[in-house]
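The block underneath contains the structure these notes are about, expressed in C-alpha cells.
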Amino acid sequence: MKNFFTSLLGSLVALVVFFGGCLFLGFMLLAVIAALGEKPVAEVQPGSYLVFNLSANIQDAPPEFDAGILGPILGGRQEHTLQLRTVTRALRAAAKDHRIAGLLITGNVRPQGYGTGFGALREVRAALLAFKASGKPVMAYLDFATTRDFYLASAAGDVVLDPYGLILMPGLASRPMFLAGAFEKYGVGVQVTRVGKYKSAVEPFTRRDLSPENREQLQQLLGDLWAVVRGDIAAGRRLAPADLQAVVDSDGLITAEGAVAHKLVDRTAYRDEIIDELKGRTGVRKGSKDTFKQVSLPAYAGAVPDRLASVVGGSNQIAVVYAEGDIVDGEGQMGEVGGLKFSRELRQLRQDDHVKAIVLRVNSPGGSAAASEEIQRELRLTMAVKPVVVSMGTVAASGGYWISTYSNRIYAEPTTITGSIGVFGLFIDVQKLAGNLGLTWDAVKTGKMADMLTISRPKTPEELEVFQKMVDWIYNEFTAKVAEGRKLDIDRVREIAQGRVWSGAEARKLGLVDEVGGLGDAITFAASKAGLGTNYRLVEFPRKRPLAEVINEMLHGAGPDQASGNAALMKMFDDIRRECRVLEGFNDPHGVYARLPADLVVE
C-alpha cells in the first residue's frame, strides 16, 4: 500500500511538473509571437521603389489579428491580408514622398470571403492612377494574371509579362450551385415564403437552374460590372473597348506573344531582367548581389503618418465602422456582423462626444432582417446628433442596403453590388430523411400551431400563411424605410425593389446611391459635414483582438492545411460548404431574411 501511495504521489508530481512546464512554454510562446508581431519601422532609402505585392486578400476592415505570424507556428495555411485603407493610404503618401522613385506591381490577388471584389479594386486602381499622375514611373510585372490582377496592372505605364506568362481574361461569369436535387435525393424538404420576383436567395435550395428573373438580373449586373472593368482596362492600355472585347472573346487565355500583339502589355522579360533593370534605376551597381532598393507596401504604410488614433477619446474623431460579412442575430462570430454587438458599438460611439461623425463602410450581402433593423435603429438615433455617411464596398445589398438607408450621404463604386430590396423565409424539414433512417416523431400540443417551428415535418398551408404575412410586413417596412431614408416616392421604391440586384452605377441613376466614390471620399465628406475640415483623427471598429484570445481560438481550431489536393475539387467542396454555412446563419428570430443570394459569386 505504501508503494502504491508513493507511486501515486510521484505521478501527481510529474503531472504537475508536466502541465506547469506546458503552461510556462505556453507563456513563452505568447511572448515570442508577441515579439514577432512587433514589426520594426521600415527604413526607406532615397531612390527606393515601392513594391506592391498583390498576393493578398484585400479586405475593408482591419485584420482582427496578424495571421501571417500565427499561421506557420500553428501549422496552418498562411493567409496574407491587406486592409484597403492601408493600401490606398500608402500609395497616395508614396506619390508625394521624395524618397520613393517609382512603383512596382507584382503578384496575384487572393480573394477570400468578401475581400478583393471589384468595388475594392477600383479604389486601389484609383490610388495607383494618382501615383502615376505624380510623374513617377509605375511598372507591373506579371507571370500569370487573372482579370483582377490585370485590372490593377493596367493602371501602370509599363506592363511587362513573363515570356511564358499568360493572362486569363475571359470576361465575368457567375455559376450558381443548386442543392435542390441533392435535398430531394436525401429527403430534405424545403418550403419558402418571399416577396419580390427577383429575390433569388432561395433558389439554390428550391431549383435546379436559374429562374428567368434571376438570369435577367444577373446578366444585367455582370454586364454593368464588365462595362466598367473593360472600360478602365481599355483606357489604361489606350485601346478601344470593342477591340479589347474582341481579344477576350477570341482568346480568353492570352499568351505572352498575343498580349504584346494586342497591346495588352508593353513587352516581355524574365524576372531577373526586371530586377537588373530596377537595380540600375535605384542606383545599385550592376552585377551586385544586392537587389534593387525597395520597400514593401505594408512596411512603408507602417512608416508613414496616419490619422488613425490609438484609442477612442480626444477631440475631433471620426469613427470608421466596418460592417463586413453576413448580418446575423446576436453577437456574431469572426467574419459576421452581429446585430447585438454591432448596435452596441454604434451606441457607444453615438454617446461619445469626442466622436463627431460616423462613416459606415458596408461590405455585406445582408442576412437577418431583425439584426439589420437593430443596427439601423442605432444609425437613425445617431443621425439626430451627428453625421452618418455610408461608403459601400464590393457588396452592400439586401440587409446591407437596409442598414445604409438612413444616412446623410451614400457613396458607392460603379462596380458595387447593391439593392436587392426584398425579403424571404426559408424552412427546412427532415421528415423524409428521418423516415429513411427509421426515425419518427409524435406530438402533443395545446394549440394548432404550437409546433410550427419544428423541422420534423413540413409546414401546413395555414402555418405558411402566417410566415408569408410576416414576410409581407417586413417587405413593406423595408420599402417604406427606403422611401423615407432616400426621400423617394413609395411607388417608385416598390417598382425598383422586388429583390432586384443593381450595380452601383445603376443604383445612382435610380436614387439608391448619392455619389460615386470610395471610402476616402466618404471620410472627407463626413469631416466637412461635421465642420472639422482636415482637423480630425480616425478610429476604426472592430479593433484587433488581444493576442492571447486569438491564440486560444486558433489552438482549439487548428488543423491541417486544407488547400492541398485537386484545386478544382476543393473549390467544389468549398462552394458546398459556403452554401451550407448560409443555412447556419439563418438565425433571425422571426425566420425572415433580407439577404443577397449566397450563389452570387462573380468570377
query = What is the minimum heavy-atom distance between Ile410 and Val513, and which atoms define it?
reply = O-CG1, 3.6 Å
query = Just wondering, are more than 12 heavy atoms of other shown residues or ligands nearer than 6.0 Å to CZ in Arg215?
reply = no
request  = Would you check if there is a donor-acceptor pair between the side chains of Asn57 and Thr116 at a distance under 3.5 Å?
outcome  = yes
request  = Say whether, by atom type as modelled, one donor and one acceptor occur between the side chain of Asp149 and the main chain of Val109 under 3.5 angstrom.
outcome  = yes
ask   = Just by distance, with hydrogens left out, do Ser200 and Glu213 show a side-chain donor and acceptor under 3.5 Å apart?
value = no
request  = Might you confirm whether atom CZ of Phe144 has over 12 heavy atoms from other residues, nucleotides or ligands at distances under 6.0 Å?
outcome  = yes
task = Using a 4.5 Å cut-off on heavy atoms from C-beta on, say whether the side chain of Val501 contacts that of Glu506.
result = no
task = Answer yes if the side chains of Tyr322 and Glu540 hold a donor-acceptor pair under 3.5 Å, and no otherwise.
result = yes
query = Taking all atoms of both residues into account, what is the closest heavy-atom pair of Thr86 and Leu297, and its distance?
reply = O-CD2, 4.4 Å
task = First locate atom CG of Asp158, then atom OH of Tyr141, and finally report the distance between them rounded to the nearest 0.5 Å.
result = 12.0 Å
Side-chain heavy atoms of Glu515 within contact of Arg409, under 4.5 Å = yes
task = Quick one: closest heavy-atom pair of Ala256 and Thr268, and the distance?
result = CB-CG2, 3.9 Å
inquiry  = Between Asp232 and Tyr151, is the side-chain contact (heavy atoms from CB on, under 4.5 Å) condition met? List the steps.
reply    = CA-CA 8 Å; Asp232 287 347; Tyr151 181 62; 2.6 Å; yes
query = Quick one: salt bridge (charged side-chain N to carboxylate O under 4.0 Å, His left out) pairs with a partner in residues 389-398, sequence neighbours left out?
reply = none
task = Taking the side chain as every heavy atom from C-beta outward, state whether Ile523 and Leu519 have any atom pair closer than 4.5 Å.
result = yes
task = Measure the CD1-CZ distance between Ile421 and Arg500 for me, rounded to the nearest 0.5 Å.
result = 12.5 Å
ask   = Which residue pairs pass the side chain to side chain donor-acceptor pair (under 3.5 Å) test when at least one of the two sits in residues 124-137, sequence neighbours left out?
value = Arg125-Ser154
inquiry  = Minimum heavy-atom separation for Lys293 and Thr282, please, with both atom names.
reply    = CE-O, 2.6 Å
message = Once rounded to the nearest 0.5 Å, what's the spacing between atom CZ of Arg271 and atom CG of Asp162?
response = 7.5 Å
query = Looking at CG of Leu82 and CG of Asn53, how far apart are the two atoms once the value is rounded to the nearest 0.5 Å?
reply = 8.5 Å
key: Backbone of Gln217 reached by a side-chain donor or acceptor of Gln220 within 3.5 Å   = no
ask   = Rounded to the nearest 0.5 Å, how far apart are CD of Gln245 and CD1 of Ile233?
value = 10.5 Å
query = Should the pair Arg281 and Tyr49 be classed as cation-pi, given the thresholds of under 6.0 Å to the six-membered ring centre and 45° from the axis?
reply = no
